[in-house]
Amino acid sequence: MQPLVGIAIVLGCIFGGFVLMGGTFDAIWHPVEILIIAGGGAGALVLGNPNHVLKELSTQMRKIITRKKQGSEFQRQLLLLMYELLQTAAGGLKALDAHVEDPASSPLFQRYPLVLEEPKLLAFIVDNFRLMAMGKINAHELEGVLEQELEAIHEELVQPSKSLHKIAEAMPGFGILAAVLGIVLAMNSVAEGADAGAISAKVGAAMVGTFLGIFFCYGVLDPISNMMKQLVNQEASNMECVKVVLVTHVAGKPALLAIDAGRRLVQLNIKPTFAQLESWINAMGGEGEDAGSPKRRATDKAGEQRAKAA
């Protein structure tokens, strides 16, 4: 909803103001100039970026359009998934194999569909639980490995927004290019003996190119680039949360404390309180569950960990 409001404000103020000044849409509707500017920008984007960057750009654009917000429910599922994985690992890291080898078919992962819908985050989780299962690694070594991995992931994910921002900065230049071509046509009409009215119309059409270039830069591409950057920061925040949980667990802390350490890195607007986290874990047992069920054992163990922490 918010992007639609922003689009309405931009279009209403710019084009509505133009109409209020006495202008008409016929004066600024020049599809060929739009083709020159937008086509030039798209071509430069394809020319200046490898295939994987363009694919990631397309993926992030789709996410912006669908605008799936990762709210408190997503964070609940992420934290509880990590808690269950840590509880499973407590019975031996080999017990994780059935889950991390094929998470899509794992009953544990299937209880958290919102996490399954995030392939990059899911890959980060299973890869690093697999790393823990492969052999002994201390907290300091794991933290170093994960920091380097997160830095590489962030650099790759932020590249599309950087590339789009550069194209946004180039849009006024493409607008000037379209304007120059329009002026060339106007000068040719002078040589052909056109009257003052025809020449003025061609010069006015040429100036629309400059307007469109500036409009595409500041009114379209730069805001989209900023939204993509925020999307990447949100994904990076989720991975940072997972990293802290894993490092804290490997350092020997109880599962509840490890999950709470990850909770502290959640973005402030959707960050759950410790009381909420505790209530989510307590609710995992469910009413009337068998005392020997995995969820019930997880709940009982959470209570023991809270007692130890106290």
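Given the structure is predicted, the values throughout are model-derived calculations rather than measurements. Scope of the values below: all heavy atoms of this structure, side chains included, with no hydrogens, waters or symmetry mates.
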* To do: Look only at the side chain of Ser106 and the backbone of Pro103, and say whether a donor-acceptor pair between them is shorter than 3.5 Å.
  =>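 No, the answer is negative, given that no donor and acceptor are paired below the 3.5 Å cut-off.
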* Determine, stepwise, if the pair Arg130 / Glu101 fulfils salt bridge (charged side-chain N to carboxylate O under 4.0 Å, His left out). => CA-CA 8 Å; Arg130 189 180 290 116; Glu101 292 301 327; 3.3 Å; yes
* **For Glu169, side-chain contact (heavy atoms from CB on, under 4.5 Å) partners two or more places apart** =>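 So Glu169 forms a side-chain contact (heavy atoms from CB on, under 4.5 Å) with His165.
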* Asked: Sequence neighbours excluded, which residues qualify as side-chain contact (heavy atoms from CB on, under 4.5 Å) partners of Ala170?
  ->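 Ala170: side-chain contact (heavy atoms from CB on, under 4.5 Å) contacts with Phe174.
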Can you see which heavy atom on [X] is nearest to which on [Y], and at what distance?
X	Y	result
Ile64	Ile224	CD1-O, 3.9 Å
Ile167	Leu45	CG1-CD1, 3.6 Å
Trp280	Leu79	CZ3-CD1, 4.2 Å
Ala178	Ile37	CB-CG1, 4.0 Å
Val232	Leu157	CG2-O, 3.3 Å
Gln77	Leu114	OE1-N, 3.0 Å

* Asked: Among all residues two or more places apart in sequence or in another chain, which pass the salt bridge (Lys or Arg N to Asp or Glu O under 4.0 Å) test with Glu141?
  ->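 Per chain and number, Glu141 pairs via salt bridge (Lys or Arg N to Asp or Glu O under 4.0 Å) with no residue.
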* To do: Sequence neighbours left out, what passes salt bridge (Lys or Arg N to Asp or Glu O under 4.0 Å) with Lys166? Give chain and number order.
  =>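 With sequence neighbours excluded, Lys166 shows a salt bridge (Lys or Arg N to Asp or Glu O under 4.0 Å) to no residue whatsoever.
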Heavy-atom distance under 4.5 Å between the side chains of [X] and [Y], does that happen here?
X	Y	result
Lys271	Gln267	no
Phe124	Ile153	yes
Asp102	Phe109	no
Val19	Thr24	no
Met171	Tyr218	no
Thr273	Gln276	yes
Lys243	Glu147	yes
Val242	Leu246	yes

* Should the pair Arg111-Glu84 be classified as a salt bridge under the 4.0 Å nitrogen-to-oxygen rule? ->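 Between Glu84 and Arg111 there is a salt bridge, with a charged N closer than 4.0 Å to a carboxylate O.
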* With the threshold set at 4.0 Å, does a side-chain nitrogen-carboxylate oxygen contact exist between Glu155 and Lys162? ->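 Here Glu155 pairs with Lys162 in a salt bridge, since their nearest N and O are under 4.0 Å apart.
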[X]-[Y] side chain donor-acceptor pair, cut-off 3.5 Å:
X	Y	result
Arg76	Ser72	no
Glu56	Gln60	yes
Asn238	Gln75	yes
Ser279	Asn282	no

* To do: Go through the steps to decide whether Val32 and Ile36 satisfy the test side-chain contact (heavy atoms from CB on, under 4.5 Å), and finish with yes or no.
  => CA-CA 6 Å; Val32 176; Ile36 293 171; 4.3 Å; yes
I need the [X] [atom1] to [Y] [atom2] distance, nearest 0.5 Å.
X	Y	atom1	atom2	answer
Tyr83	Ile281	OH	CD1	5.0 Å
Glu278	Leu256	CD	CG	6.5 Å
Gln234	Met239	CD	CE	11.5 Å

* Let me see the working for Ile259 and Leu80 under side-chain contact (heavy atoms from CB on, under 4.5 Å), right down to the final yes or no. => CA-CA 8 Å; Ile259 299 301; Leu80 290 184; over 6 Å; no
* Asked: Restricting to pairs with a member in residues 244-260, which pass salt bridge (Lys or Arg N to Asp or Glu O under 4.0 Å), not counting sequence neighbours?
  ->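 Every pair satisfying salt bridge (Lys or Arg N to Asp or Glu O under 4.0 Å) with a residue in residues 244-260: Asp260-Arg263, Asp260-Arg264.
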* **Listed once per pair and sorted, the salt bridge (Lys or Arg N to Asp or Glu O under 4.0 Å) pairs that draw on residues 212-239, sequence neighbours left out** =>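 Non-adjacent pairs meeting salt bridge (Lys or Arg N to Asp or Glu O under 4.0 Å): Lys63-Glu235.
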* Contacts of Gln110 that satisfy side chain to side chain donor-acceptor pair (under 3.5 Å) - sequence neighbours left out ->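 Partners of Gln110 by the side chain to side chain donor-acceptor pair (under 3.5 Å) criterion come out as none, since no residue qualifies.
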[X] with [Y], same ILVMFWY side-chain cluster at under 4.5 Å:
X	Y	answer
Ile7	Met61	yes
Leu146	Val250	yes
Leu265	Phe274	no
Val145	Met82	yes
Leu221	Leu54	yes

* In a check of side chain to side chain contact (heavy atoms under 4.5 Å, CB included) between Val245 and each of Leu85, Ile125, Asn128, Leu86, which one passes? ->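 Exactly one option meets the side chain to side chain contact (heavy atoms under 4.5 Å, CB included) with Val245, and it is Leu86.
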* Taking ILVMFWY side chains as joined if any heavy atoms are under 4.5 angstrom apart, and letting links pass through other members, which residues group with Ile270? ->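 Other cluster members: Val266.
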* With sequence neighbours excluded, give me every side-chain hydrogen bond (donor to acceptor under 3.5 Å, both in side chains) pair touching residues 27-55. =>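 Those involving residues 27-55 are Asn49-Ser163.
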* To do: With sequence neighbours excluded, give me every side-chain hydrogen bond (donor to acceptor under 3.5 Å, both in side chains) pair touching residues 5-19.
  =>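 Sorted pair list comes back empty.
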Please list every donor-acceptor pair under 3.5 Å in which a side-chain atom of residues 180-189 meets a protein atom from a residue at least two apart or in another chain.
unit_1: Asn188; atom_1: ND2; unit_2: Val184; atom_2: O; d: 3.4
unit_1: Ser189; atom_1: OG; unit_2: Ala186; atom_2: O; d: 2.5

* To do: Determine, step by step, whether His154 and Asn233 satisfy the side-chain contact (heavy atoms from CB on, under 4.5 Å) criterion, reporting the C-alpha distance in whole Å, the side-chain angles of both residues, the deciding distance to 0.1 Å, and the verdict.
  => CA-CA 8 Å; His154 184 268; Asn233 289 338; 3.7 Å; yes
Sequence neighbours left out, cut at 3.5 Å: what donor-acceptor pairs do the side chains of residues 191-213 make with other protein atoms?
unit_1: Asp195; atom_1: OD1; unit_2: Gly197; atom_2: N; d: 3.4
unit_1: Asp195; atom_1: OD1; unit_2: Ala198; atom_2: N; d: 2.8
unit_1: Ser200; atom_1: OG; unit_2: Ala196; atom_2: O; d: 2.9

* To do: Flag the pair Phe15 / Phe215 as yes when their ring centroid distance falls below 6.0 Å, and as no otherwise.
  =>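 So the answer is yes for these two rings.
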